[in-house]
Amino acid sequence: MPRIAVVTGSTRPGRVNNSVADWVMAELAERSDAVFELVDINDFNLPLLDEPAPAAYQSYQNEHTKAWSGKIAAFDGFIFVANEYNHTVGPALTNALSFLNVEFNNKAAGIVSYGSMGGVRSAEHLRNILAELQVAVVRNQVMFSLFTDFENFADFKPTEQNAGTLAPMVDQLVPWAKGFAAVRSEQAVAAA
């Protein structure tokens, strides 16, 4: 069974990101086609990128990077909970992704975004970053509006219509995660 991380996208005090991520985890609890785990980037205390060598070399100097690397390497796929900030991906998620490279290669992802326009700009920019990391992003995505899916812009209460888009996204993500696990396995055999 593939292992899929639900990755938070914000470390900001008072963030609503974790309530969206918790909702995703609750919605996935009954699924038996993958193992889902919440990965909160806030738990890794990543400073502004401070590794001297490019991530592709994997010559990490810092313990926080090594811990982040070990966590991400263990997964076959990801669901990124991406907030939109200044019409792009939130800075904490961009920074966290910048620490690593190989750990993301040949894996699959889905995006749950939110913002004033459903986080669509964040999701589109995130797709570009993930493409560089060799992460295949499924077509379906989930978008939540700060105006209709949050009360007082703070309490996450998704509309039925928007909440209903999660299952179709995950239905695409799980087989892709399985497929890319086979690709990585073949690559490991070829490299041996």
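Side chains are part of it too, since the values below use all heavy atoms of this structure and drop only hydrogens, waters and symmetry mates. In this text, all values refer to a predicted model and were calculated from it rather than measured experimentally.
Atom CZ of Arg12 has 12 or fewer neighbouring heavy atoms from other residues, nucleotides or ligands inside a 6.0 Å radius. Counting non-hydrogen atoms of other residues, nucleotides and ligands closer than 6.0 Å to CE of Met117 gives a total of 12 or fewer.
For the side chain to side chain contact (heavy atoms under 4.5 Å, CB included) test, residues two or more places apart in sequence or in another chain that qualify with Val16 are Ser19, Tyr114, Phe150. Residues passing the side chain to side chain donor-acceptor pair (under 3.5 Å) test with Tyr60, sequence neighbours excluded: Glu103. Contacts of Glu151 classified as side chain to side chain contact (heavy atoms under 4.5 Å, CB included), with partners at least two apart in sequence or in another chain: Asp155, Lys157. For the ring-ring contact (aromatic ring centres under 6.0 Å, His included) test, residues two or more places apart in sequence or in another chain that qualify with Phe147 are Phe153. When the side chain to side chain donor-acceptor pair (under 3.5 Å) test is applied to Asn140, no partner is found at least two apart in sequence or on another chain. For Phe75, the side chain to side chain contact (heavy atoms under 4.5 Å, CB included) partners are Arg3, Ala5, Glu37, Val39, Lys71, Phe78, not counting sequence neighbours. Contacts of Thr159 classified as side chain to side chain donor-acceptor pair (under 3.5 Å), with partners at least two apart in sequence or in another chain: Asp149, Asn162. Residues passing the side chain to side chain contact (heavy atoms under 4.5 Å, CB included) test with Tyr57 are Ala53, Pro54, Ser59, sequence neighbours excluded.
With contacts defined as side-chain heavy-atom distances shorter than 4.5 Å, the pair Gln141/Glu124 qualifies. Between Gln134 and Phe104 the shortest side-chain heavy-atom distance does not fall below 4.5 Å. Taking the side chain as every heavy atom from C-beta outward, Val174 and Pro2 approach each other to under 4.5 Å. Under the 4.5 Å side-chain criterion, counting only non-hydrogen atoms from C-beta, Asp171 is in contact with Arg31. Counting heavy atoms from C-beta on, the side chains of Tyr85 and Ser122 never come closer than 4.5 Å. Residues Asn45 and His64 have side chains not in contact (no heavy-atom distance under 4.5 Å, counting atoms from C-beta outward). Looking at heavy atoms from C-beta onward, Met169 lies out of side-chain contact with Arg139 at the 4.5 angstrom threshold.
Contact record, Gly110 with Val138: CA-CG2, 4.0 Å, taken as the closest heavy-atom pair. When every heavy atom of Glu84 is checked against every heavy atom of Gly115, the shortest pair comes out as CB-CA, 4.4 Å. Closest heavy-atom contact between Leu38 and Ala21: CD1-CB, 3.7 Å. Nearest heavy-atom pair, Leu126 versus Ala82, reported as atom, atom and distance to 0.1 Å: CD2-CB, 3.9 Å. Minimum heavy-atom separation, Gly118 to Met143: O-CB, 3.4 Å. Nearest heavy-atom pair across Phe144 and Ala163 is CE2-N, 3.9 Å.
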Name the atoms and distances for all side-chain donor-acceptor pairs under 3.5 Å in residues 185-192, with sequence neighbours left out.
from	atom 1	to	atom 2	distance (Å)
Gln187	OE1	Asn106	ND2	3.0

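Listed by first and then second residue, the ring pair (Phe, Tyr, Trp, His ring centres under 6.0 Å) pairs involving residues 32-55 are Phe44-Trp68 (not counting sequence neighbours). Screening residues 161-192 for ring pair (Phe, Tyr, Trp, His ring centres under 6.0 Å) gives no qualifying pairs among residues at least two apart or on separate chains.
Counting Ile, Leu, Val, Met, Phe, Trp and Tyr side chains that sit under 4.5 Å apart, directly or through other members, Met1 shares a hydrophobic cluster with Val35.
With 3.5 Å as the limit, one finds no donor-acceptor pair spanning the side chains of Asn18 and Asp22. Side chains of Thr8 and Asp40: a donor on one and an acceptor on the other come within 3.5 Å.
A donor-acceptor pair under 3.5 Å is formed between the side chain of Ser98 and the backbone N or O of Thr94. The main-chain N or O of Ser113 is never found under 3.5 Å from a side-chain atom of Asn83 such that the two would form a donor-acceptor pair.
Put simply, Val7 and Ile111 are part of the same group of oily side chains (I, L, V, M, F, W, Y) that touch within less than 4.5 Å, one to the next. One hydrophobic cluster, built from ILVMFWY side chains closer than 4.5 Å, holds both Phe156 and Leu146. Residue Ile79 is not grouped with residue Leu93 when hydrophobic side chains (ILVMFWY) are merged at heavy-atom distances under 4.5 angstrom, including chains of intermediate members. There is a path of hydrophobic side-chain contacts, each under 4.5 Å, that joins Leu28 to Val20. In this structure, Ile4 is a member of the same hydrophobic cluster as Val170, with clusters built from ILVMFWY side-chain heavy atoms closer than 4.5 Å.
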Would Ser116 and Arg121 count as a side-chain contact (heavy atoms from CB on, under 4.5 Å) if you check the C-alpha gap in whole Å, the side-chain angles of each, and the deciding distance to 0.1 Å? CA-CA 10 Å; Ser116 61; Arg121 294 166 291 214; 3.8 Å; yes
What do the steps show when you test Lys66 against Gln61 for side-chain contact (heavy atoms from CB on, under 4.5 Å), and what is the final call? CA-CA 8 Å; Lys66 293 173 185 175; Gln61 304 298 309; over 6 Å; no
So Thr11 and Ile41, side-chain contact (heavy atoms from CB on, under 4.5 Å) or not? Walk me through it. CA-CA 7 Å; Thr11 58; Ile41 61 175; 3.8 Å; yes
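Between Leu133 and the choices Val102, Leu100, Leu97, the side-chain contact (heavy atoms from CB on, under 4.5 Å) rule is met once, by Leu97.
Salt-bridge check for Asp33 with Lys178: failed, with every basic side-chain N at 4.0 Å or more from each acidic carboxylate O.
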